[in-house]
Trainee: 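Got a structure here, written out as structure tokens. Questions coming.
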Amino acid sequence: MSAILIIFSVLAAITIATAFLTIYSRNPIHSAIYLVICFFSIAGHYLLLNAQFLAIVHIIVYSGAIMILFLFTIMLMNLNKENEVHKPRITRLGAIVSFCLISLVLIAIFVNSKPITDGSYDVLGEDYQSIKVLGKVLLNEYMVPFEFASILLLVAMIGTVLLSKKEK
């Protein structure tokens, strides 16, 4: 076995395990920590695909900014054990069965897929690993969706502050 395949297998196991633990954990803070570990392992997959810029942006945006927002939301909601409605065991069992079936389908898809071996990749001449090219594409072709995303995040932040405000 090559080193890349071993690294991929370890990262895949970590990703699947932490994704499962994110869903199954009872403590919301533990779930958030498992999700951060899952995000870091996905960034490792990006590094294996030789997409260093995407891996770094993934770590900064998802593992950094989004998880901080999740933690603030969890802390603002003040989730306590006594306020939480007890979920029946059949619901948990259904979630576990769904997770296992989806995992088996994904594994079957990856095992049965065949890579392109004739080398017939379409080359457009653009190097999308370059930050300069990515910046031009993002701020020229995708400027409106980029601005919509920033407005959406601003509205979500204002909504969170208003929802967490205590009545006097």
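Everything numeric here is computed off the predicted structure, so don't read it as measured data.
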Trainee: As an exercise, state the distance from CD1 of I4 to CG of L49, rounded to the nearest 0.5 Å.
Mentor: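 Between I4 CD1 and L49 CG, I get 10.0 Å after rounding to 0.5 Å.
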
Trainee: Grab the two heavy atoms, one from S25 and one from S31, that are nearest each other, plus how far apart they are.
Mentor: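 What the structure gives for the nearest pair is CB-OG, 3.4 Å.
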
Trainee: Quick one, F20 and I96 - any side-chain contact, counting heavy atoms below 4.5 Å?
Mentor: yes

Trainee: Is there a path of hydrophobic side-chain contacts, each under 4.5 Å between heavy atoms, that joins V61 and F53?
Mentor: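 Yes: a chain of side-chain contacts under 4.5 Å links V61 to F53.
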
Trainee: Give, for atom CD1 of I59 and atom CZ of F39, the distance between the pair rounded to the nearest 0.5 Å.
Mentor: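 These two atoms lie 11.5 Å from each other.
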
Trainee: Taking the side chain as C-beta and beyond, is there a heavy-atom pair between V97 and L101 under 4.5 Å?
Mentor: yes

Trainee: So, taking the atom named SG in C38 and the one named CD1 in I42, what distance separates them when rounded to the nearest 0.5 Å?
Mentor: 4.0 Å

Trainee: At what distance, to the nearest 0.5 angstrom, does OH of Y62 lie from CG of L35?
Mentor: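 One gets 11.0 Å once the value is rounded to the nearest 0.5 Å.
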
Trainee: For residues 137-158, please give each side-chain donor-acceptor pair under 3.5 Å, one per line with the distance, not counting sequence neighbours.
Mentor:
from : atom 1 : to   : atom 2 : distance (Å)
N140 : ND2    : K136 : O      : 3.2
S150 : OG     : E147 : O      : 2.7

Trainee: Applying ring-ring contact (aromatic ring centres under 6.0 Å, His included), name anything that partners H30, two or more places apart in sequence or on another chain.
Mentor: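 For H30 there are no ring-ring contact (aromatic ring centres under 6.0 Å, His included) partners, ignoring immediate neighbours.
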
Trainee: For the CG atom of L47 and the CG atom of L54, what is their distance to the nearest 0.5 Å?
Mentor: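 Between atom CG of L47 and atom CG of L54 there are 9.5 Å.
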
Trainee: Closest heavy-atom contact between T15 and S41?
Mentor: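 Shortest heavy-atom contact: OG1-OG, 2.7 Å.
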
Trainee: For L93, I'd like to know if atom CG has over 12 heavy atoms of other residues, nucleotides or ligands within 6.0 Å.
Mentor: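 Atom CG in L93 is crowded, with more than 12 foreign heavy atoms closer than 6.0 Å.
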
Trainee: Mind checking the CD1-CG spacing from I33 to L21? Nearest 0.5 Å is all I need.
Mentor: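 Between I33 CD1 and L21 CG, I get 12.0 Å after rounding to 0.5 Å.
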
Trainee: Heavy atoms, side chains only, cut-off 4.5 Å: are F99 and I16 in contact?
Mentor: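 F99 vs I16: side chains touch.
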
Trainee: For residues L48 and L11, report the shortest heavy-atom separation together with the two atoms involved.
Mentor: CD1-CD1, 3.9 Å

Trainee: Please name all residues satisfying side chain to side chain donor-acceptor pair (under 3.5 Å) with T18, sequence neighbours left out, ordered by chain then number.
Mentor: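 Expected list: none.
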
